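Because the structure is a prediction, the values reported are computed rather than measured. We name chains A, B, ... by the order of the sequence lines, and we start the count at 1 in each one.
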There are 2 protein chains.
Amino acid sequence: MTQGKGGRYHHGDLRAALIDTAIELIAEQGVRSFSLAEASRRLGVSVSAPYAHFVDRDELLAAVAVQAYELFYAELVPQLSQFQTPADRLAAVARAYVRFAGVHRPLFEMLFEAGLDKSRHPELEAAEKPIDNAFLSCVRALPDPGETTSEDLARAIEATAHGYTMLLLDGSFGQPHEAVELAAERAARASLALVESRHLLSRPSVG
Amino acid sequence: MTQGKGGRYHHGDLRAALIDTAIELIAEQGVRSFSLAEASRRLGVSVSAPYAHFVDRDELLAAVAVQAYELFYAELVPQLSQFQTPADRLAAVARAYVRFAGVHRPLFEMLFEAGLDKSRHPELEAAEKPIDNAFLSCVRALPDPGETTSEDLARAIEATAHGYTMLLLDGSFGQPHEAVELAAERAARASLALVESRHLLSRPSVG
DNA sequence: GTCTATACCCGGATAGAC
DNA sequence: GTCTATCCGGGTATAGAC
């Protein structure tokens, strides 16, 4: 899909092709079992070829993760303009969060299971930030912020969306496609509940 | 710790020793890199010895996971009797949930990252259930259940606790020990907020 | 129940030719 | 930039002796 000539990548964009193939393989077998060797095999290049473009396996995985974050964010964005109130937008973003994980499961898993060292791959933090900001900007648009900081409420909602996502991926909502919608809907509702009782987020939890 | 004689396990309880050693190794290096070979080395037995007690690597890991669930549950239980109201107990359980993950991080991670096939290891589901029940029994003790089912509210709180836990382990709350308490406290407060607005969990999230 | 030995497969990574 | 060839390490699992 990226080379010009025959079956070889002599003059093609092997770097991009490796990223695409890595996504394919991760989607098929998960990050755990991903290897440069297999990616090379699938592309019909030698096992040493990737090292001309990535210093090691982790650098390729980091590039994949960045792309995954971008896709993730791209699927959250449309929700922001589709609802009127900030609260509804928050619910929609939470719903989209869970949906993304359900639809692009291996991609989502790799973001959290690849075991990439973020200090060695600073691009990852940058790629992740827009997602945090999607929640945060909605929270900031709420009237009456109350005592709770925007960051805390945004984090509560993101945590909840993330938590539902994990339960979904773990099978707690069953296997079929309806499970995705079910979990997504629950996350959306919980988000509304957190918004409603956000004043409690900044108080001692027990008397 | 389980054998009687010298450095060999000829007459010791190798099975139990393997589980203990696995926990050690997982605590040191995470599940990812755990191998039967290394566990054998550390115990001073041959690499083939474990196969007399476990059919394969996964069966040992499953046994470890069961033990991890038991410890997890054991740390939640004391919270149940320490607070008066059901809501406070829910907050306390959520707090303890996050704390467990913070204190026994590798153990917690293995429960969700080991990649164990639950259909092949039914013991896992059974070992997990008491934790779900800890949340559920508190919810059931709430006055005025409202329209939302107990299961839904319990799951919302567990999802939130789980989500905060993931953010904590991912470094979103910083590195030091205070991060654990911070995340745990946020989870506790969010639980109270969900209890307070639980009526919203059973309604459509957008009009 | 544990040993030794072995067969097997896999991955990461490098050197040097083209 | 890609190849071939190779080294090195690791893990899983089995066979057969004790």
Side-chain angles (χ1 to χ4, degrees), chain A residues 1-22 24-26 28-64 110 113-117 120-121, chain B residues 1-22 24-26 28-64 110 113-117 120-121:
Chain A
M1 109 196 315
T2 40
Q3 90 266 43
K5 297 194 176 176
R8 302 285 173 94
Y9 279 86
H10 278 251
H11 301 291
D13 189 351
L14 180 57
R15 185 190 155 88
L18 279 166
I19 294 177
D20 289 347
T21 302
E24 283 177 24
L25 286 171
I26 290 168
E28 291 167 17
Q29 311 166 354
V31 211
R32 284 176 218 292
S33 58
F34 171 77
S35 71
L36 284 183
E38 192 170 358
S40 303
R41 249 177 269 130
R42 181 165 294 201
L43 280 171
V45 298
S46 74
V47 293
S48 68
Y51 291 92
H53 302 276
F54 302 95
V55 300
D56 61 12
R57 175 182 182 272
D58 276 3
E59 200 176 282
L60 170 55
L61 283 182
V64 171
M110 92 143 294
E113 290 181 22
L116 294 174
D117 188 348
R120 284 173 54 97
H121 304 278
Chain B
M1 116 195 309
T2 39
Q3 90 264 43
K5 296 196 176 176
R8 302 287 174 96
Y9 279 87
H10 280 252
H11 302 291
D13 189 350
L14 181 56
R15 185 191 155 88
L18 278 167
I19 293 176
D20 289 346
T21 302
E24 283 178 23
L25 285 172
I26 289 168
E28 291 169 18
Q29 311 164 356
V31 211
R32 284 176 218 293
S33 58
F34 171 78
S35 70
L36 283 183
E38 192 170 357
S40 304
R41 248 177 271 130
R42 181 166 293 200
L43 279 171
V45 299
S46 74
V47 293
S48 68
Y51 292 92
H53 303 275
F54 302 95
V55 301
D56 59 13
R57 175 183 181 272
D58 275 4
E59 199 175 283
L60 170 54
L61 283 182
V64 171
M110 92 143 294
E113 291 181 20
L116 295 174
D117 188 348
R120 284 174 54 99
H121 304 279

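- Residues forming a salt bridge (charged side-chain N to carboxylate O under 4.0 Å, His left out) with A:R32 (at least two apart in sequence, or on another chain): A:E113.
- Atom pair A:L60:CG and C:dA13:P shows a separation of 11 Å (rounding to whole Å applied).
- In this structure, B:A49 reaches the sugar-phosphate backbone alone: every heavy-atom distance under 4.0 Å involves primed, P, OP1 or OP2 atoms, never a base.
- Nearest to the side chain of A:L14, among C:dG11, D:dG11, D:dT2, sits D:dT2.
- Spacing between atom CG of A:L25 and atom P of C:dG11 amounts to 11 Å, rounded to whole angstrom units.
- Residue B:A52 is in base contact, counting any heavy-atom pair closer than 4.0 Å across all strands shown.
- Applying the 4.0 Å criterion to OP1 and OP2 of D:dG11, one finds that B:R41 has a side-chain N or O inside that range.
- A:D117 places none of its side-chain heavy atoms less than 4.5 Å from the side chain of A:D58.
- B:L14 CG to B:H53 NE2: the interatomic distance, rounded to the nearest 0.5 Å, is 4.0 Å.
- With rounding to whole Å, B:F34 atom CZ is found 13 Å from D:dT12 atom C1'.
- B:L61 places its CG atom 14 Å from the P atom of D:dG11, with the value rounded to the nearest Å.
- At the heavy-atom level, A:S46 lies under 4.0 Å from base atoms of the strands shown.
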query = If the sugar-phosphate is the primed atoms plus P, OP1 and OP2 and the base is the rest, what is the B/S/- string for nucleotides 13-18 of chain D, using protein heavy atoms under 4.0 Å?
reply = BBB---
